[in-house]
Asker: 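Quick one: the structure is below, and I'll ask about it shortly.
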Amino acid sequence: MATDEQLFCIANRPFQNAHRHSKVICSKCYEGCGTPVETVNFFVEGSGLKHHFRTMHRGTVLNEEILGECKKIFNNLHGAETAEVIKKLSAIRLQKQEKSELSDYSMFTVTHISTAAAMDIMAKNQREATKLYGLVLRHKGFLKPLGGLPCEVAVMECHCGSDRRGQTYQVWDCNKDKIYVECVKPANRMNFLSSNRTLPLQHSSIASNSFKSGSTPLEVLRSVFGHDNFRPNQLEAIEHVLSGKDVIVVMPTGGGKTIIYPVKGG
């Protein structure tokens, strides 16, 4: 059985290795010959690809449109390679859990909302499942840098019977294969929000159930929003509001401003 390190080893991931060296594939060679993925040739995006077109595709000018096709096909294959690695990782974790060699893991279905593409991932929690799927989205070329427009994914635990609660996360690319995720619809709000009602949270029945009197900000954060801890400066801002002081919070997009408003209502 392969180990986690062997699965993610760069030697076993040719597209990831090519990505790290700024290489792409030739769309003309791949589409025209039906080249198996195992025998794909990679070329440096600039000079290497231009030289390949001059020698192998004379008469075809490597313009921005063709370069875009090369990148698009490369991204699709790169994402498929990463998805296969994560599927193998999930299978290993599931097998270990069945042998009682691993505990506290669950299978989650993670769905990219805009494309409806989904996969099952064995992870410790929804956040880890989202980050793993975020690698697939990153390598497929969907993710924007932190501060840009996020991808949204829905995460739901498999085999949960009648309890169909899930969470929705926004996902960004933080470079060097680091994924940043932010929970925007916690589990105990999903069913309420999916009914197309637009009542503010404070006017809904979910508010009275979630924000129990006497709950601390950390308890509200964990029970309602699914986060383990606050980010820097969030708790300080909440405590200032609770003490009756006015607060101005300046954070970058995705930095965690939004969560300050509902949590202090607990």
Side-chain angles (χ1 to χ4, degrees), residues 3-5 7-8 82-113 117-139 142-143 146 150-174 177-194 206 209-212 215-232 234-235 254-256 258-260 262-263 266:
T3 64
D4 292 2
E5 291 77 13
L7 282 177
F8 284 95
T82 303
E84 190 60 30
V85 170
I86 293 173
K87 287 178 183 176
K88 290 178 180 178
L89 174 65
S90 295
I92 290 173
R93 287 177 170 180
L94 180 60
Q95 190 172 354
K96 286 184 176 180
Q97 184 154 291
E98 290 174 345
K99 294 181 178 179
S100 299
E101 298 175 3
L102 200 66
S103 60
D104 300 327
Y105 279 77
S106 299
M107 189 69 77
F108 298 93
T109 298
V110 188
T111 304
H112 183 207
I113 293 175
M119 68 180 296
D120 292 340
I121 298 176
M122 194 78 172
K124 291 182 179 180
N125 48 47
Q126 292 95 331
R127 183 172 292 273
E128 187 196 20
T130 302
K131 286 189 174 184
L132 286 171
Y133 192 62
L135 289 174
V136 177
L137 295 177
R138 181 184 194 273
H139 296 161
F142 285 112
L143 288 194
L146 185 62
C151 282
E152 286 200 346
V153 300
V155 187
M156 187 172 292
E157 186 172 354
C158 301
H159 315 300
C160 56
S162 60
D163 184 8
R164 301 299 296 169
R165 297 181 303 169
Q167 292 185 334
T168 297
Y169 286 86
Q170 292 181 335
V171 190
W172 291 270
D173 177 14
C174 285
D177 284 332
K178 292 184 178 180
I179 305 299
Y180 179 85
V181 302
E182 178 74 24
C183 180
V184 292
K185 292 191 183 106
N188 52 2
R189 290 181 61 197
M190 285 290 287
N191 291 336
F192 170 75
L193 293 173
S194 65
I206 198 71
N209 292 332
S210 300
F211 299 111
K212 296 179 181 179
S215 296
T216 66
L218 186 59
E219 288 171 343
V220 174
L221 181 78
R222 290 174 175 174
S223 64
V224 178
F225 293 92
H227 297 295
D228 293 327
N229 293 292
F230 285 103
R231 293 184 190 166
Q234 285 180 325
L235 182 57
T258 305
I259 209 167
I260 293 172
V263 168

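Atom set for the values below is all heavy atoms of this structure, side chains included, hydrogens, waters and symmetry mates excluded. Computed from a predicted model, the values in this text were never measured in an experiment.
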Asker: Measure from the side-chain N and O atoms of R138 to the backbone N and O of I179, and report whether any donor-acceptor pair falls under 3.5 Å.
Answerer: no
Asker: Find the distance between CD (E182) and OG1 (T130) and round it off to the nearest 0.5 Å.
Answerer: 11.5 Å
Asker: Looking at every heavy atom in both K124 and F108, which two are closest together, and how far apart are they?
Answerer: C-CE1, 4.4 Å
Asker: Say you draw a straight line from CG of N229 to CD of Q234; how long is it, rounded to the nearest 0.5 Å?
Answerer: 10.5 Å
Asker: Tell me the closest heavy-atom pair linking A129 and A123, and the distance in Å.
Answerer: N-CB, 3.6 Å
Asker: Compare every heavy atom of C151 with every heavy atom of F142, then report the nearest pair and how far apart it is.
Answerer: O-SG, 3.6 Å
Asker: Applying side chain to side chain contact (heavy atoms under 4.5 Å, CB included), name anything that partners A91, two or more places apart in sequence or on another chain.
Answerer: none
Asker: I113 and T168: side chain to side chain contact (heavy atoms under 4.5 Å, CB included), yes or no, with the steps?
Answerer: CA-CA 9 Å; I113 293 175; T168 297; 4.0 Å; yes
Asker: Please give me the minimum heavy-atom distance between T111 and A118, naming the atom from each residue.
Answerer: OG1-CB, 3.4 Å
Asker: Specify the closest pair of heavy atoms between M119 and A83, including all atoms of both residues, with the distance to one decimal.
Answerer: CE-O, 3.7 Å
Asker: What are the two closest heavy atoms between L143 and V171, and how far apart are they?
Answerer: CD2-O, 3.7 Å
Asker: Could you grab the distance from atom CD of Q95 to atom NZ of K99, nearest 0.5 Å is fine?
Answerer: 4.5 Å
Asker: Does some side-chain heavy atom of V85 sit less than 4.5 Å from a side-chain heavy atom of L135?
Answerer: no
Asker: Quick one: list whatever passes salt bridge (charged side-chain N to carboxylate O under 4.0 Å, His left out) with E128, sequence neighbours left out.
Answerer: R93
Asker: Output the distance between atom CG (L218) and atom CZ (F230), rounded to the nearest 0.5 Å.
Answerer: 6.0 Å
Asker: Out of curiosity, E157 CD to N125 CG, how far, rounded to the nearest 0.5 Å?
Answerer: 10.5 Å
Asker: Working to the nearest 0.5 Å, report the span between CG of D120 and CE of M107.
Answerer: 6.0 Å
Asker: When you compare the side chain of L137 with that of V153, does any pair of heavy atoms fall below 4.5 Å?
Answerer: yes
